[in-house]
Amino acid sequence: MFNRALFCGILPGTGNMADTHNKTTERSPGETIAPRLRFAPSPTGHLHVGGARTALYNWLYARGRGGSFVLRIEDTDLARSTDESIRQIISSLVWLGLDWDEGPGVGGDHGPYRQTERMHIYEETVKALLASGKAYRCYCSPDELEHEREKARAAGQPLVYGGRCRALSPEEEQSLQTEGRDAVIRLRTPDTGSTIVPDLIKGDVEFENVNIGDFIIVRSSGVPTYNFAVAVDDASMGITHVIRGDDHLPNTPRQLMLFEAMGKKPPAYGHLSLILGPDRTPLSKRHGASSIEEFISRGYVREALCNYLALMGWSLDGETTFFSMDEMVEKFSLERVGSTAAAFDNDKLLWMNGHYIREMEENELAKRIELFLQDTELAALHGHAGTPTISALVPLVQEKMKTLADFVDYTDFFFLPLVFEEKALVKLEKDEKAAAVLAAAQNVIESVEPYDAETLDAALRAAAERMEIKLGKFLQPIRIAVSGKTITPGMFETLAMLGREISAARLDAAIKLLSPS
RNA sequence: GCCCCCAUCGUCUAGUGGCCUAGGACACCGCCCUUUCAAGGCGGCGGCGGGGAUUCGAAUUCCCCUGGGGGCACCA
């Protein structure tokens, strides 16, 4: 596990690194403790691929080492957080198969798991920090702060708080208060030296303390800021490993300072490089699907998404491509996580999705399709009024499908009125032999006995041979006539599934369509 | 402006000083198979950002540059 020595002496001379009071992190020499990981999304939108990958890595690490996976909702941004987001994030996590041991819906010993419900814990910590002088009230207005930043920018200085309110006398505080000024609470941080973040993925990263400054831990509204809430929660929840996005790396020294001030041992950190769009610019809406919900609605399966996401930054050996969830759990390690930002490649995901669909048990695939079609108009049509069921159709299209949505494109003509695709119609009309082929096919279909794929196969092949037309060319007009498309499942299976009556009727309609009248 | 991270085929990556004339996968291009489309098989195209330094030897170590990304909020 992680090296305790790494965490000592981060802020020389600013107090002891006291042991945490949490039982789960106490251990005797040589004994390893069960890791506690967490995923802590802020509910300000959907779960995106980046967040999903972060959640996955935390989950894999916890599951692979007999640890716990905690879900915590970071909703201290009151203006942007919504319950709807929480609902969506949770449903995406459930869909991905990333279950949590503690958190919303399941409870746990370290709750509550929503930061807005943990205010009393933050208040208590602030009180202690204030009492010990490790934190202080600051009365500077946002305007004053902004001017300060502008000046610093002009002077080429780091944009940090100058410390005006750092050493206010009780009288000065009193007078600022009577002036009606609001106060925020800042952490007193070292002016000199540096803070080293021992990162499991990037190695030691050093930050000069002068570039950090006394940062705000409690807003004038009394709501704690992100950095503060995170540190308090990670400490009180006994989190041992924090795996999160690269964007948090500059926050980490601040959180380390907070742990120091609280006298708690910080977790080990691992920062993942961000996922970029296909053009290597930051992933955004204009890149198409980026939320898990979108991938679900486009017919992706969880196995493919998890597998693909796992490989966005992690590899076992550079050769192995497919991993079941169990294999990922078994093989995943932070040592094998790379530090280069990965660009999202839709083609590869699509290919992988097709792979998992092909590998799936027919019954399972049928279930997935059913679920996917839920609440669509098509759902009601399957298996009714003589139309084939999803399970009956699966064997015909499984090999071709790349997404669950493809099922619809390949099979809708089985239960919807025939509609010709423009391209197909043109092709049919341009084929001089189409009329003759259709007539021959009509003959076969009406007479063949029994009416099944195998018999149709033999009979149609024979007909093609008689007419001296290559099978592929012979079948194409028939394909278009019965499906309206140029691409369908195997022709014999399709005709069999469609039934003699409908096949004959559609052939008939096509023949009439072609005959000059 | 200041701070930090990153840098191997178009993309995801393997590679931790000689096993590298740099390996695999997606995509792309051929060919094969074939009932259309897929799938599958075989083959091909294609890369260590640039410059120094260390070394007998560098994709691998160090420095500089360049490029990309992140952060510097009473956002998370």
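So that the names make sense, note that chain A is the first sequence line, chain B the second, and so on, each numbered from 1. All values derive from a computational prediction rather than experimental measurement.
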Chemist: What is the distance, to the nearest angstrom, from the CZ atom on F322(A) to the P atom on rC12(B)?
Modeler: 18 Å
Chemist: Suppose the criterion is salt bridge (charged side-chain N to carboxylate O under 4.0 Å, His left out): which pairs have a residue in residues 74-83 of chain A, not counting sequence neighbours?
Modeler: R72(A)-E74(A), D75(A)-R114(A), D77(A)-R80(A), D83(A)-R114(A)
Chemist: Write down the distance between CG (L283(A)) and C1' (rG68(B)), rounded to a whole number of angstrom.
Modeler: 15 Å
Chemist: For E330(A), check side-chain hydrogen bond (donor to acceptor under 3.5 Å, both in side chains) against everything at least two apart and list the hits.
Modeler: none
Chemist: Is the number of heavy atoms from other residues, nucleotides or ligands under 6.0 Å of E361(A) CD greater than 12?
Modeler: no
Chemist: Base, sugar-phosphate, or nothing for P41(A), non-hydrogen atoms under 4.0 angstrom?
Modeler: nothing
Chemist: On a whole-Å scale, what distance lies between the C1' atoms belonging to rC28(B) and rU11(B)?
Modeler: 12 Å
Chemist: With distance as the sole criterion, is a donor-acceptor pair present between the side chains of T281(A) and D279(A) under 3.5 Å?
Modeler: yes
Chemist: For rG67(B), what is the paired nucleotide under Watson-Crick or G-U wobble rules, both distances under 3.5 Å?
Modeler: rC6(B)
Chemist: Hey, is H248(A) doing a stacking thing with rG70(B), by the 5.5 Å centroid and 30° angle criteria?
Modeler: no
Chemist: Which atom pairs, donor and acceptor, lie under 3.5 Å between side-chain atoms of residues 488-499 of chain A and protein residues at least two apart or in another chain?
Modeler:
{"from": "T488(A)", "atom 1": "OG1", "to": "R479(A)", "atom 2": "NH1", "distance (Å)": "2.7"}
{"from": "T494(A)", "atom 1": "OG1", "to": "P489(A)", "atom 2": "O", "distance (Å)": "3.3"}
{"from": "T494(A)", "atom 1": "OG1", "to": "G490(A)", "atom 2": "O", "distance (Å)": "2.7"}

Chemist: Quickly work out the K151(A) NZ to rC72(B) C1' distance and round it to whole Å.
Modeler: 18 Å
Chemist: Does OP1 or OP2 of rA14(B) have a side-chain N or O of S315(A) closer than 4.0 Å?
Modeler: yes
Chemist: Rounded to the nearest angstrom, tell me the gap between atom CD in E421(A) and atom C1' in rC37(B).
Modeler: 11 Å
Chemist: When you match V223(A) and T321(A) each to their closest nucleotide on RNA chain B, which lands nearer the 5' end?
Modeler: T321(A)
Chemist: Mind checking C140(A) for me? I need base, sugar-phosphate or nothing, with any heavy atom below 4.0 Å counting as a touch.
Modeler: base
Chemist: Students often get this wrong, so: under 4.0 angstrom with heavy atoms, is R244(A) touching a base, only sugar-phosphate, or nothing?
Modeler: nothing
Chemist: Does R280(A) have a side-chain nitrogen or oxygen under 4.0 Å from the phosphate oxygens OP1 or OP2 of rC12(B)?
Modeler: yes
Chemist: Are F344(A) and Y308(A) close enough that their ring centres sit under 6.0 Å apart?
Modeler: yes
Chemist: If you measure from the P atom in rG41(B) to the same atom in rC26(B), how many Å do you get, rounded?
Modeler: 9 Å
Chemist: Do any pairs count as a salt bridge (charged side-chain N to carboxylate O under 4.0 Å, His left out) and have a residue in residues 156-166 of chain A, sequence neighbours left out, and if so which ones?
Modeler: E148(A)-R164(A), R166(A)-D191(A), R166(A)-D214(A)
Chemist: Between rC74(B) atom P and Y122(A) atom OH, what is the distance in whole Å?
Modeler: 19 Å
Chemist: For rA25(B) versus rU16(B), give the span between their C1' atoms, rounded off to a whole number of Å.
Modeler: 22 Å
Chemist: Which atom pairs, one a donor and one an acceptor, fall under 3.5 Å between side chains of residues 456-472 of chain A and the rest of the protein, sequence neighbours left out?
Modeler:
{"from": "D457(A)", "atom 1": "OD1", "to": "R461(A)", "atom 2": "NE", "distance (Å)": "2.5"}

Chemist: With both distances under 3.5 angstrom, what nucleotide forms a Watson-Crick or G-U wobble pair with rC37(B)?
Modeler: none
Chemist: Once you apply a heavy-atom cut-off of 4.0 Å, does G313(A) come out as touching a base, just sugar-phosphate, or nothing?
Modeler: sugar-phosphate
Chemist: Atom OH of Y308(A) to atom P of rU13(B): distance rounded to whole Å?
Modeler: 8 Å
Chemist: If the sugar-phosphate is the primed atoms plus P, OP1 and OP2 and the base is the rest, what is the B/S/- string for nucleotides 26-36 of chain B, using protein heavy atoms under 4.0 Å?
Modeler: BS-------BB
Chemist: Which of residues 75-82 of chain A sit near RNA chain B, with a heavy atom under 4.0 Å from it?
Modeler: T76(A), D77(A), R80(A)
Chemist: Looking only at side-chain N and O atoms, does S42(A) offer a donor or acceptor that is under 3.5 Å from a partner on Y226(A)?
Modeler: no
Chemist: With the criterion being N/O to N/O and under 3.5 Å, what pairs connect the protein with nucleotides 2-5 of chain B, and how long is each?
Modeler:
{"from": "rC5(B)", "atom 1": "O2'", "to": "K202(A)", "atom 2": "NZ", "distance (Å)": "2.7"}

Chemist: Classify the nucleic acid contact of D182(A) as base, sugar-phosphate or nothing, counting any heavy atom under 4.0 Å across all strands shown.
Modeler: nothing
Chemist: Which whole-number value in Å describes the distance from D214(A) CG to rC74(B) P?
Modeler: 13 Å
Chemist: Hey, does the side-chain of D406(A) have a donor or acceptor N/O within less than 3.5 Å of a partner on the base of rA38(B)?
Modeler: no
Chemist: What nucleotide among rG40(B), rC12(B), rA76(B) has an atom nearest to a side-chain atom of R358(A)?
Modeler: rG40(B)
Chemist: What residues form a salt bridge (charged side-chain N to carboxylate O under 4.0 Å, His left out) with K127(A), not counting sequence neighbours?
Modeler: none
Chemist: Scan nucleotides 18-21 of chain B against the protein and return all N/O pairs shorter than 3.5 Å with their distances rounded to 0.1 Å.
Modeler:
none

Chemist: Apply side chain to side chain contact (heavy atoms under 4.5 Å, CB included) to E359(A) and list each qualifying residue two or more places apart in sequence or on a separate chain.
Modeler: H355(A)
Chemist: Distance-only criterion, 3.5 Å: show the donor-acceptor pairs between side-chain atoms of residues 425-441 of chain A and protein atoms not counting sequence neighbours.
Modeler:
{"from": "D431(A)", "atom 1": "OD1", "to": "K433(A)", "atom 2": "N", "distance (Å)": "3.0"}
{"from": "D431(A)", "atom 1": "OD1", "to": "A434(A)", "atom 2": "N", "distance (Å)": "3.4"}

Chemist: What is the distance, rounded to the nearest whole Å, between atom CG of L309(A) and atom P of rU13(B)?
Modeler: 12 Å
Chemist: May I ask you to check whether F259(A) and Y269(A) place their ring centers less than 6.0 Å from one another?
Modeler: no
Chemist: Going by an N to O cut-off under 4.0 Å, is there a salt bridge joining E150(A) and R153(A)?
Modeler: no
Chemist: If you assign D247(A) and G338(A) each to the RNA chain B nucleotide with the nearest heavy atom, which residue ends up on the more 5' nucleotide?
Modeler: G338(A)
Chemist: Using side-chain heavy atoms (C-beta onward) and a distance below 4.5 Å, is R336(A) in contact with S315(A)?
Modeler: yes
Chemist: State the pairing partner of rC56(B); accept Watson-Crick or G-U wobble contacts with both distances under 3.5 Å, and report none otherwise.
Modeler: rG18(B)
Chemist: Please indicate whether E327(A) has more than 12 foreign heavy atoms, meaning atoms of other residues, nucleotides or ligands, lying under 6.0 Å from its CD.
Modeler: yes
Chemist: Categorize T340(A) for me: base, sugar-phosphate, or nothing, with a 4.0 angstrom heavy-atom threshold over every strand shown.
Modeler: sugar-phosphate
